[in-house]
Number of protein chains: 2
Amino acid sequence: MTHHHEVVEALQQIGYRLTPQRMMILEAIADSEGHLSAEEIHETVRTAYPYLDISTVYRTLDLLKTLHLVSETDLGRGPAQYELLSKGLHHHLICTECGEILDAPNSLLDSLRHAMSEEYDFHAEIEHLAVFGICSNCKGDAQEAG
Amino acid sequence: MTHHHEVVEALQQIGYRLTPQRMMILEAIADSEGHLSAEEIHETVRTAYPYLDISTVYRTLDLLKTLHLVSETDLGRGPAQYELLSKGLHHHLICTECGEILDAPNSLLDSLRHAMSEEYDFHAEIEHLAVFGICSNCKGDAQEAG
DNA sequence: ATTGGTGCAAAACTTTTGCAATTCC
DNA sequence: GGAATTGCAAAAGTTTTGCACCAAT
């Protein structure tokens, strides 16, 4: 639950300061189940510390991204979503019909990574992938409509 | 080269109007080699028709997306990129070191699609995927730096 | 004629930046 | 003390929207 303190303290050793804002932002991300937008992080921390500015959230997220502690997922619509990388890398299958989000393990991409490496000598860095499509529940509906 | 006229005329049959703006916008996309942003489309068409508004570009792109005539790719940074789908579906491998963009055929995703279908009964709609990573030229540099 | 589309202007939304004041080391 | 960090305010960049006028059917 609070193992992210190690993570924060590790910041110091690389020369970054350990500020309350940074701790609260990381805690908000760590305590959340799924993804959070910068604005959601802002709202969450503000309940405890109303002076937090959204720019501090973005600046902290930039830092955490650089350190590969959080992942940033751009869904192509709306704000980017942030998530703790230590929670275990996974990806999302998002149904465009009903909005359901299925979690898929990182291994789902093994074959794709292999193909990119073999055929293009390209080393993919896919920390977080979002794939849109139709889930099993909505497959019937889509066929009727089409 | 101008087979997109068929496409535009098909619009009428579904009840959409055939306006000069729509034709010019589609022509700009069709004539371009790679991707275009909405702003680039705007600039291109404006050389011939200076009154075109950027909002018309976005509205037309929405229409063309709905009809699956163009693909929209959100690179996660900067404006979305638009491309004719009839040009042949392909994806992009973008090197984060040197910025090179490799084109990859749609078949690259076959195994991934298969895995999502088999394991999650999820029917992915990946019209256009952009994958960031390290290309073969930069692989050595990255190892030295790391 | 009528509905749909366009241009214009303004706003919405997300993210970034400059800078003075503050805080952590 | 001094450099890093924050809060504030403003701006930047992309996309959307309201509305009056205009054009395609």
Side-chain angles (χ1 to χ4, degrees), chain A residues 5 8-28 35-67 70-82 130, chain B residues 5 8-29 35-67 69-82 130:
Chain A
H5 283 150
V8 178
E9 280 155 21
L11 289 182
Q12 294 179 284
Q13 317 213 341
I14 339 176
Y16 296 100
R17 288 192 187 165
L18 194 50
T19 70
Q21 289 91 338
R22 282 174 177 174
M23 285 191 284
M24 289 187 289
I25 287 169
L26 191 54
E27 196 171 327
H35 296 114
L36 288 171
S37 66
E39 184 55 43
E40 285 166 341
I41 295 167
H42 188 212
E43 293 293 323
T44 300
V45 177
R46 263 159 97 83
T47 63
Y49 176 65
Y51 298 107
L52 181 73
D53 193 75
I54 186 73
S55 67
T56 300
V57 176
Y58 279 109
R59 284 188 277 229
T60 300
L61 287 171
D62 279 348
L63 174 62
L64 297 175
K65 276 189 295 177
T66 301
L67 299 174
V70 306
S71 66
E72 180 188 63
T73 308
D74 190 325
L75 299 179
R77 187 61 47 149
Q81 303 289 114
Y82 300 89
Chain B
H5 283 149
V8 178
E9 280 156 21
L11 289 183
Q12 294 180 285
Q13 317 213 341
I14 340 175
Y16 297 100
R17 288 192 187 164
L18 194 50
T19 69
Q21 288 92 337
R22 283 175 177 173
M23 286 191 284
M24 289 188 288
I25 287 168
L26 191 53
E27 196 171 327
I29 302 171
H35 296 115
L36 289 171
S37 67
E39 184 55 42
E40 285 166 342
I41 295 168
H42 188 212
E43 293 293 323
T44 301
V45 177
R46 263 160 96 83
T47 63
Y49 176 65
Y51 298 107
L52 181 73
D53 193 76
I54 186 74
S55 66
T56 299
V57 176
Y58 279 110
R59 284 188 278 229
T60 300
L61 288 172
D62 279 347
L63 174 62
L64 298 174
K65 276 188 296 177
T66 300
L67 300 174
L69 296 177
V70 306
S71 66
E72 180 187 64
T73 307
D74 189 326
L75 299 179
R77 187 64 46 150
Q81 303 290 114
Y82 300 89

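Letters A, B, ... mirror the listed sequences (proteins, then strands); counts begin at 1.
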Quick one: is B:T19 getting a side-chain N or O under 4.0 Å of the C:dT6 phosphate, OP1 or OP2? yes
Of all heavy-atom pairs linking B:L61 and B:A38, the shortest is CD1-CB, 4.0 Å
Over how many whole Å does the gap from A:L63 atom CG to C:dT15 atom P extend? 17 Å
Pairing of B:R59 and B:D62 as salt bridge, 4.0 angstrom limit: no
Heavy atoms under 4.0 Å, any strand shown: does B:P50 hit a base, just sugar-phosphate, or nothing? nothing
Out of C:dG7, D:dT15, C:dG5, which nucleotide sits closest to the side chain of B:Y49? C:dG7
Minimum-distance nucleotide (side-chain atoms of B:R22 versus D:dT6, C:dT15, C:dG5): C:dG5
With DNA chain D as reference, determine whether B:A80 or B:Q21 sits nearer its 5' end, using the nearest nucleotide of each. B:A80
Tell me: CG of A:D74 to P of C:dT14, nearest whole Å? 12 Å
Determine whether A:R17 and A:R22 satisfy the following criterion, side-chain contact (heavy atoms from CB on, under 4.5 Å), listing intermediate values before the conclusion. CA-CA 9 Å; A:R17 288 192 187 165; A:R22 282 174 177 174; 4.3 Å; yes
Using whole Å, what does the distance between atom C1' of nucleotide D:dG7 and atom CE of A:M24 come to? 13 Å
From the list D:dA4, D:dT15, C:dT6, which nucleotide is the closest neighbour of the side chain of A:R17? D:dA4
Let me know the distance between CG of A:D53 and C1' of C:dA20, rounded to the nearest Å. 14 Å
Please report the distance, rounded to the nearest Å, between CG in A:L52 and C1' in C:dT23. 15 Å
Supply the atom-to-atom distance A:T47 OG1 to A:M24 CE, rounded to the nearest 0.5 angstrom. 9.5 Å
Rounded off to whole Å, could you give me the OH-to-P distance for the B:Y51 and C:dC8 pair? 8 Å
Tell me which nucleotide among D:dG18, C:dG5, D:dC8 gets nearest to the side chain of B:R59. D:dG18
Of the candidate nucleotides C:dT14, C:dG5, C:dC25, which contains the atom at the shortest distance from the side chain of A:P79? C:dT14
Tell me which nucleotide among C:dT6, D:dC8, C:dT16 gets nearest to the side chain of A:Y58. C:dT16
From A:T56 atom OG1 to A:Y49 atom OH, the distance as rounded to the nearest 0.5 Å: 8.0 Å
A:L64 and A:Y82: CA distance, side-chain angles, deciding distance, side-chain contact (heavy atoms from CB on, under 4.5 Å) verdict: CA-CA 10 Å; A:L64 297 175; A:Y82 300 89; over 6 Å; no
What's the closest nucleotide to the side chain of A:S55 if the choices are D:dT5, C:dG7, D:dG7? D:dG7
Between C:dG7 and B:T56, is there an OP1 or OP2 to side-chain N/O distance shorter than 4.0 Å? yes
Could you pick out which residue, B:E39 or A:T60, lies toward the 5' side of DNA chain D when each is mapped onto its nearest nucleotide? A:T60
A:L36 CG to C:dT15 P, in whole Å, measures 13 Å
Selected nucleotide, minimal atom distance to B:A38 side chain, candidates C:dG7, C:dT15, D:dT15: D:dT15
Value in whole Å for how far the P atom of C:dG5 lies from CG of B:L61: 15 Å
